[in-house]
Amino acid sequence: MRGSVRLCLWAATAASLWSASAQAQQARYGEGGYGGGLIEYLVTGNAGRDGRSWPQRAVQPQRAMAPQRVLAPQRVEAYTGELLPAEPEPMPVSTTPVYAAPQAAAYGAVQADPGRIARAVSPEYQRQEVTFTGRQRPGTIVIDTAGKHLYLVQPGQRALRYGIGVGRPGFAWSGLKTVSRKAEWPDWTPPPEMLARRPDLPRHMAGGPANPLGARALYLGSSLYRIHGTNEPGTIGQSVSSGCIRMMNDDVVDLYERVPVGTRVEVL
């Protein structure tokens, strides 16, 4: 009995002491509730018992931001091409032999047009004997520029007819001339008038198969005009020259052997 009373008194005393300690602890933290200092500042913004506050950074008012459009992420395809080397690869050395251009081409001479050479000569312009009704005497050369024919008048109202090429528009002419000189495989020296139009032409070119005057030339008086051959037989029957009368090489050789210097030439 006496022991139970003592136990109760001890329990009551302990409870009283615990209550007093709790009240003191509550009074101790009554102002801030967190004991002041950094912990209370972090939680409440107040530094402690003396009412001082830690310095705070002024909060800037936020500006109203315009709503931004959210773009869907773009899908980047993987590169599937071949990577280029950092330096270009050396070009392979060709083993094909390189041939020098003909000497005539090096001097800018007029080269034969493959299209003109390949053009077949019409039977109308092949050399043939025909009836001739003109009043010219035998042995006269008559040039019909409109018909693209040259006639060598024969006795008995006959003539040898050759196909020819004549002056292009602006270079046609007519009149009476005589054969003043004849030459085989003649050299070619373009006159100043032609060089003024074609400064790329050579100043002189030796005779030969590549020469524009062909196999033979019959010079007409003191003029710049000639009856000559051509290395472009496809131009026979055409208006292509600068005023000269051109013939196929076989034909001009035939005419060259038939007419002497001094032959009368009528250009119609």
Side-chain angles (χ1 to χ4, degrees), residues 110 112-113 115-188 191 194 207-209 211-268:
V110 178
D113 183 349
R116 292 177 174 179
I117 294 175
R119 185 186 298 119
V121 179
S122 171
E124 176 186 359
Y125 301 114
Q126 299 293 338
R127 181 170 74 247
Q128 55 192 293
E129 186 175 333
V130 297
T131 301
F132 184 78
T133 59
R135 294 179 297 178
Q136 288 83 358
R137 292 180 300 176
T140 303
I141 294 175
V142 179
I143 297 175
D144 177 11
T145 55
K148 314 296 189 301
H149 290 124
L150 181 149
Y151 297 87
L152 177 58
V153 181
Q154 303 293 302
Q157 294 187 325
R158 303 292 290 177
L160 290 176
R161 189 181 75 181
Y162 306 83
I164 59 173
V166 299
R168 62 183 180 272
F171 292 88
W173 59 281
S174 61
L176 297 176
K177 299 292 182 182
T178 57
V179 176
S180 57
R181 184 166 71 91
K182 297 167 53 178
E184 299 182 8
W185 296 107
D187 293 350
W188 180 44
M194 183 176 291
N211 193 298
L213 298 186
R216 301 290 187 271
L218 288 74
Y219 295 83
L220 302 180
S222 59
S223 71
L224 301 176
Y225 303 121
R226 295 166 290 253
I227 300 172
H228 63 79
T230 180
N231 50 25
E232 295 181 309
T235 63
I236 300 303
Q238 308 294 320
S239 300
V240 293
S241 75
S242 296
C244 288
I245 307 302
R246 59 175 61 180
M247 306 175 69
M248 289 184 286
N249 278 330
D250 288 345
D251 288 350
V252 76
V253 170
D254 183 81
L255 180 66
Y256 181 94
E257 294 176 351
R258 290 178 182 271
V259 299
V261 172
T263 297
R264 179 183 175 92
V265 179
E266 297 187 18
V267 181
L268 306 178

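FYI, the numbering just counts along the sequence from 1.
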Please confirm whether the backbone N or O of [Y] pairs with a side-chain atom of [X], one donor and one acceptor, at under 3.5 Å?
X: S180; Y: Y219; result: yes
X: N249; Y: A215; result: yes
X: S241; Y: G167; result: yes

Minimum side-chain heavy-atom gap [X]-[Y] below 4.5 Å:
X: M194; Y: S242; answer: yes
X: I227; Y: I143; answer: yes
X: W188; Y: R226; answer: yes
X: R246; Y: V240; answer: yes
X: K148; Y: E124; answer: no

Where [X] and [Y] come nearest, the two heavy atoms and their spacing:
X: E266; Y: Q136; value: OE1-NE2, 3.0 Å
X: I236; Y: T230; value: CD1-CG2, 4.3 Å
X: Q128; Y: P123; value: NE2-O, 3.4 Å
X: G163; Y: H149; value: CA-CD2, 4.4 Å
X: A159; Y: F132; value: CB-CB, 3.6 Å
X: W173; Y: G243; value: NE1-O, 2.8 Å

Note to self: What verdict does the side chain to side chain contact (heavy atoms under 4.5 Å, CB included) test give for L160 and R258, after you've listed the backbone C-alpha separation in whole Å, the side-chain angles of each residue and the deciding distance to 0.1 Å?
What the structure shows: CA-CA 11 Å; L160 290 176; R258 290 178 182 271; 3.4 Å; yes
Distance (rounded to the nearest 0.5 Å) between [X] [atom1] and [Y] [atom2]:
X: Q126; Y: R161; atom1: CD; atom2: CZ; result: 10.5 Å
X: R181; Y: S222; atom1: CZ; atom2: OG; result: 12.5 Å
X: T235; Y: M248; atom1: OG1; atom2: CE; result: 9.5 Å
X: S239; Y: I164; atom1: OG; atom2: CD1; result: 9.5 Å
X: D250; Y: R216; atom1: CG; atom2: CZ; result: 10.5 Å
X: T178; Y: I141; atom1: OG1; atom2: CD1; result: 10.5 Å

Next item on the list: Validate the cation-pi geometry between K182 and Y256: distance from NZ or CZ to the six-membered ring centre under 6.0 Å, angle to the ring axis within 45°.
Entry: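 The answer is yes; both the distance and angle limits are met.
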Notebook entry, point to check: Pick from T145, V142, L150, L176: which one makes a side chain to side chain contact (heavy atoms under 4.5 Å, CB included) with V267?
Noted result: T145
Margin query: Does either side chain, that of E129 or that of Q154, offer a donor lying less than 3.5 Å from an acceptor on the other one?
Written below: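 Looking only at side-chain atoms, Q154 and E129 do not form any donor-acceptor pair under 3.5 Å.
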Note to self: Atom CZ of residue position R127 - does it have more than 12 heavy atoms of other residues, nucleotides or ligands inside 6.0 Å?
What the structure shows: yes
